[in-house]
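What follows is a short report on a single structure.
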Amino acid sequence: MNTLKVGVLAFHGDVSEHEEALKRAAEKLKLHVDVVLVRTKQALLKLDALIIPGGESTTLQKLCEREGMWGEMKKIKNIFGTCAGAILLAKKLYHREKGQKTLEIMDIDIDRNAYGRQNESFEDDIQTDLGATHAVFIRAPQIKRIGKNVVILAKRGSEIVACEERVQDRYYLAACFHPEVTSTLFHEYFLKQIQRTA
Ligand code: GLN
């Protein structure tokens, strides 16, 4: 069986949680997954997929640009973005900081910090197409618009909180919450999807 090389952008945020969740998901699915902590342009090359963790989208942008990784990230075919990672994927960003940009690769519009400040963070049990899960929202963004190829995977009330987009050989998965801290549901799903394209 082929080994999947899956990177976790490892500047800050839930890096070890994603690493662990990926490893546990791979074990459950009996897949060979090589988890790579990515901090350089070199490490980005030859990945089958990348996870962009939550954290701070402006900081992630600056660090990726400083390392000359921005252009390479746009070329990665399978990306799972959680929270700040989902912000980075979006075509359009509301309430951006001065100079802030996104990779503009997934056809969603997103509003950062839409729920308010850090102390307005919350947790909730949500239903998703992948199953029920506990979801942790930390200064989470809201998805305001989805493109025609984007499929909703989870809603909380009327809000879309997880979705995916498949265009040709590219696959993007976005979650407004932090799946890495509660289960391996989304990591298993992501691995299954990239198996199809890798
Ligand atoms: N609101 C943060 C940002 O703009 C994201 C928060 C998170 O990733 N938990 O980057």
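Both ligands and their constituent atoms are indexed starting at 1 by order of listing.
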Thinking salt bridges, do [X] and [Y] make one under a 4.0 Å N-O criterion?
X: Arg156; Y: Glu159; result: yes
X: Glu188; Y: Lys28; result: yes
X: Lys77; Y: Asp48; result: no
X: Glu65; Y: Lys101; result: yes
X: Glu104; Y: Lys74; result: no

Query - Lys91 to Thr102 - nearest heavy-atom pair and separation - result: O-OG1, 4.1 Å
Could you tell me, for ligand 1, which of its N or O atoms are under 3.5 Å from any protein N or O, listing the pairs and their distances rounded to 0.1 Å?
residue, atom, partner, partner atom, Å
ligand 1, 1 (N), Asn113, OD1, 2.3
ligand 1, 1 (N), Arg139, O, 2.9
ligand 1, 4 (O), Ser57, OG, 3.0
ligand 1, 4 (O), Arg112, NE, 2.8
ligand 1, 4 (O), Arg112, NH2, 3.0
ligand 1, 8 (O), Gly55, N, 2.8
ligand 1, 8 (O), Gly55, O, 3.2
ligand 1, 8 (O), Ala84, N, 3.0
ligand 1, 9 (N), Ile138, O, 2.9
ligand 1, 9 (N), His178, NE2, 3.0
ligand 1, 10 (O), Ser57, N, 2.5
ligand 1, 10 (O), Ser57, OG, 2.8

